[in-house]
Amino acid sequence: EIQDEQSAEEKRQGGIAWSGSLVGSKNPNNLGYRYSHAHKRFKKDATENEKDILPINLVVQFQNRQGDELGDIVDIPTKSTMEDLSALVQSLLEEEEKVPYSFYARMQRNGLEEDIEITTETIVDFLRQQPSLSTEQTLTLTYHPLSIFRVRPVTRCTDTLPGHTEAILHVSFSPDGRLLASGGGDTMVRFWTVTTALPKQTCKGHRDHVLCTAWSPDGKYFVSADKRGMVMLWDPNTGKLQGQPIRAHTPKWVTSIAWEPLHYAPNSCCERFATSSKDGSVRIFNARTHAKLATLQGHTDSVECVKWGGSGLIYTASRDRTIKVWTADGNHDLGKLVRTLVGHGHRINTLALSSDSVLRSGPFDNRGKIHKDLIDDTKEAARQRYQEALGGEPERLVSGSDDFTLFLWNPSKSKHATKRLTGHQQAVNHLAFSPDGGRYIASASFDKKIKIWNGKTGEFLYTLVGHVGAVYQVTWSPDSRFLVSASKDSTAKLWEISPQKKPKGAKETLPGHYDEVYALDWSPNGFAVATGSKDRTIKIWKH
């Protein structure tokens with residue numbers, strides 16, 4: 001009976017087939033035996049193997065973005081979360097205000113040293129993702145401060161602003177977030193008070209579509225340009241035209257406007273701005289005197305976009321498939337060609353800088369105020385904000401083209417692209433770096449999709465799918481946690497951006513417009529989002 005029970009038990013557990021030596025017949029790992037259920041009974045658990053390979057502790061050295069080491073090397077558990085690392089850095093820095101941090105691991109990739117962001121919940125999860133990372137050497141972790149304040153997601157339309165009689169092509173908040181400006185096909189420029197959602201000023205003067213607009217970083221000027229190449233400067237508070245209209249590029253229309261950053265302005269106030277045009281040139285003007293200071297020539301086709309960087313360089317992108325980098329120092333060296341960036345196979349539509357957000361708001365913080373110690377020195381306030389935002393890193397530039405690709409550049413140092421970013425299936429229409437020093441890049445395309453990329457390495461993260469029409473524009477919340485997109489499908493959508501996981505869909509859909517949504521902006525203080533549509537209305541969205 002005992003033997004019968006044993007044989008029955010062996011049948012239930014799977015029999016043994018002869019395949020070699022009898023030695024070690026009771027050993028499940030014996031290669032001389034082939035078990036009928038070997039893959040079920042004797043397969044080692046993957047986590048069991050990892051426990052044998054991955055260490056319990058890891059030696060790390062923290063450093064800031066400038067490369068300055070923080071304290072001595074530290075032995076930390078590999079099960080530590082990003083919150084645990086943030087708390088450790090806060091204690092080492094002896095911070096009173098608890099600033100959250102993101103962390104980047106220094107490692108070798110393709111023979112080059114790179115900083116890879118840790119997007120997993122724990123260190124051990126990151127080690128599983130990066131099997132080539134050595135755990136026997138000290139791991140260098142670079143900490144990047146994230147936004148202290150948190151912006152609430154916009155969920156509802158609080159106001160609809162009628163007044164324009166044609167499609168609205170541009171909406172933009174002032175650097176302190178208190179005023180909203182709009183322009184479009186009815187040739188009017190309008191200013192609105194954000195808190196009351198009432199019209200403040202209506203400015204007449206243009207004789208054709210207002211194609212592009214821009215606030216000066218100190219908020220004292222607002223410049224608009226039209227389809228006939230005329231440029232006009234307005235006082236946002238009074239709505240009065242400052243001086244006579246400037247015949248900047250007549251009769252060719254103006255495609256883009258960029259102001260000189262406040263911290264780089266020679267006279268402690270914003271006076272110089274650049275305009276690009278279909279005539280293939282870029283011209284720099286003085287806002288106070290209306291004098292033309294320089295003409296930047298070299299492109300062989302229409303210049304689609306101009307950006308004035310914070311490190312003394314001007315960037316221009318053209319239909320001739322090139323990006324040109326120009327000097328912006330003083331008056332004598334203004335507009336000298338530094339280098340030409342080549343790589344795109346078709347016209348270049350758009351540019352974005354990793355410093356766009358901080359350059360736009362100048363001296364104003366996330367509350368729309370200037371630091372109390374620097375109220376009388378706005379240039380120094382802007383300089384401190386710029387340095388804090390970039391953390392000693394050079395400005396990065398990203399370009400989008402009709403060839404369906406993006407290129408990531410380090411234009412102050414090299415004429416070669418850092419990386420070519422592929423994945424879109426139609427033309428790339430708009431780009432935006434996140435305000436937290438350019439941690440992410442968002443790209444909008446006519447393929448109805450938005451793609452999120454690592455802003456430092458160019459690595460693809462995920463695609464946001466939900467629009468059923470071309471995506472025209474994207475804008476980030478000031479704390480970089482949310483993204484809003486505007487589309488041909490007459491909606492705007494709110495997305496929650498996380499490094500750990502891809503959103504399953506839009507967090508909110510913002511309906512209400514009756515036609516395509518062309519214009520979009522999120523106020524620098526995070527108070528509201530404005531959308532402008534072909535249906536001739538502006539909508540204000542709040543939490």
Side-chain angles (χ1 to χ4, degrees), residues 62-71 82 85-86 89-104 115 117 141-151 173 175-177 215-219 259-265 268 270 307-313 352-397 410 412-413 432-441 454-456 476-481 522-526:
F62 292 107
Q63 67 174 27
N64 61 17
R65 287 185 287 179
Q66 289 82 10
D68 302 326
E69 294 183 351
L70 176 64
M82 296 305 103
L85 296 185
S86 289
V89 170
Q90 289 162 7
S91 64
L92 290 171
L93 291 171
E94 299 179 353
E95 289 180 333
E96 294 181 4
E97 200 168 19
K98 302 302 181 185
V99 179
Y101 292 94
S102 62
F103 294 89
Y104 291 77
D115 285 338
E117 183 178 6
L141 293 182
T142 305
Y143 58 91
H144 290 230
L146 300 177
S147 174
I148 303 172
F149 73 102
R150 296 175 79 81
V151 173
F173 287 95
D176 60 5
W215 288 88
S216 63
D218 57 6
W259 280 90
E260 180 178 29
L262 176 57
H263 73 271
Y264 218 87
S268 299
C270 293
K307 290 284 182 181
W308 199 317
S311 58
L313 295 172
L353 283 169
S354 58
S355 56
D356 274 341
S357 178
V358 69
L359 294 181
R360 164 202 180 165
S361 52
F364 299 99
D365 62 15
N366 58 283
R367 297 169 297 172
K369 297 180 179 179
I370 303 172
H371 194 280
K372 60 182 180 180
D373 297 333
L374 297 169
I375 291 178
D376 298 327
D377 192 353
T378 55
K379 182 176 179 178
E380 177 60 21
R383 187 186 65 81
Q384 288 187 14
R385 292 191 68 242
Y386 176 78
Q387 290 180 345
E388 183 181 343
L390 263 70
E393 297 178 347
E395 280 181 327
R396 280 163 280 125
L397 179 76
N410 190 345
S412 61
K413 292 185 176 181
F433 274 98
S434 58
D436 53 359
R439 187 182 181 192
Y440 305 113
I441 300 168
N454 185 307
K456 297 181 186 297
W476 289 91
S477 64
D479 64 352
S480 304
R481 291 171 52 237
W522 202 316
S523 63
N525 57 14

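Counting begins at 1 with the first residue of the sequence.
For the atom pair OG (Ser523) and CG (Asp176), the distance works out to 10.0 Å, reported to the nearest 0.5 Å. Atom-to-atom distance recorded for Asn366:CG and Arg150:CZ is 13.5 Å, nearest 0.5 angstrom. To the nearest 0.5 Å, the span separating CD on Glu69 from CG on Leu92 amounts to 12.5 Å. Atom CG of Leu262 and atom CD of Glu380 lie 10.5 Å apart (nearest 0.5 Å).
Judged purely by distance below 3.5 Å, without hydrogens or angles, the side chains of Gln63 and Thr142 pair a donor atom with an acceptor atom.
Looking at Tyr143 and Ser86, their side chains never come closer than 4.5 Å, going by heavy atoms from C-beta outward. At least one side-chain heavy atom of Leu85 sits less than 4.5 Å from a side-chain heavy atom of Phe62. At a threshold of 4.5 Å between non-hydrogen side-chain atoms, the residues Asn454 and Tyr440 do not count as touching. Leu93 has its side chain within reach of Tyr101: a pair of non-hydrogen atoms, C-beta onward, lies under 4.5 Å apart. Between Ser357 and Phe433 there is no side-chain heavy-atom pair separated by less than 4.5 Å.
Counting all heavy atoms, side chain and backbone alike, Val151 lies closest to Gly526 at CG1-O, 3.6 Å. Smallest separation of non-hydrogen atoms from Pro524 and Gly177: CD-CA, 4.2 Å. Among all heavy-atom pairs drawn from Tyr386 and Gly310, the shortest one is OH-C, 3.4 Å. Closest approach of Ser434 and Trp476 over heavy atoms only: N-NE1, 3.6 Å. Contact between Pro217 and Pro363 at its shortest, heavy atoms only, is O-CD, 3.6 Å. In plain terms, the two heavy atoms of Gly309 and Leu359 that are nearest each other are C-CD1, 4.1 Å.
Taking the ring-ring contact (aromatic ring centres under 6.0 Å, His included) definition, one finds that Trp215 meets it with Phe191, Phe222, sequence neighbours left out. Take Arg385 and apply the salt bridge (charged side-chain N to carboxylate O under 4.0 Å, His left out) test, not counting sequence neighbours, and it matches no residue. For Asp356, the salt bridge (charged side-chain N to carboxylate O under 4.0 Å, His left out) partners two or more places apart in sequence, or in a different chain, are Lys307. Scanning for ring-ring contact (aromatic ring centres under 6.0 Å, His included) contacts around Phe173 gives an empty result, with sequence neighbours left out. With sequence neighbours excluded, no residue satisfies salt bridge (charged side-chain N to carboxylate O under 4.0 Å, His left out) with Asp377. Take Lys379 and apply the salt bridge (charged side-chain N to carboxylate O under 4.0 Å, His left out) test, not counting sequence neighbours, and it matches no residue.
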Would Asp218 and Thr378 satisfy side-chain contact (heavy atoms from CB on, under 4.5 Å), going step by step from the backbone distance to the final call? CA-CA 8 Å; Asp218 57 6; Thr378 55; 5.7 Å; no

Pair Ser102-Glu117, side-chain contact (heavy atoms from CB on, under 4.5 Å): steps then yes or no: CA-CA 8 Å; Ser102 62; Glu117 183 178 6; 4.0 Å; yes

Pair Tyr104, Arg439 - check side-chain contact (heavy atoms from CB on, under 4.5 Å), show working. CA-CA 11 Å; Tyr104 291 77; Arg439 187 182 181 192; 3.5 Å; yes

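Checked by atom type and distance alone, the side chain of Glu395 never pairs as donor or acceptor with a backbone atom of Leu353 at under 3.5 Å. A donor-acceptor pair is defined here as one N or O able to donate and one able to accept, closer than 3.5 Å; such a pair exists between the side chain of Ser480 and the backbone of Asp436. Here the side chain of Arg396 pairs a donor or acceptor atom with the backbone of Gly455 at under 3.5 angstrom.
Surrounding CD of Gln387 are more than 12 heavy atoms belonging to other residues, nucleotides or ligands, all under 6.0 Å away.
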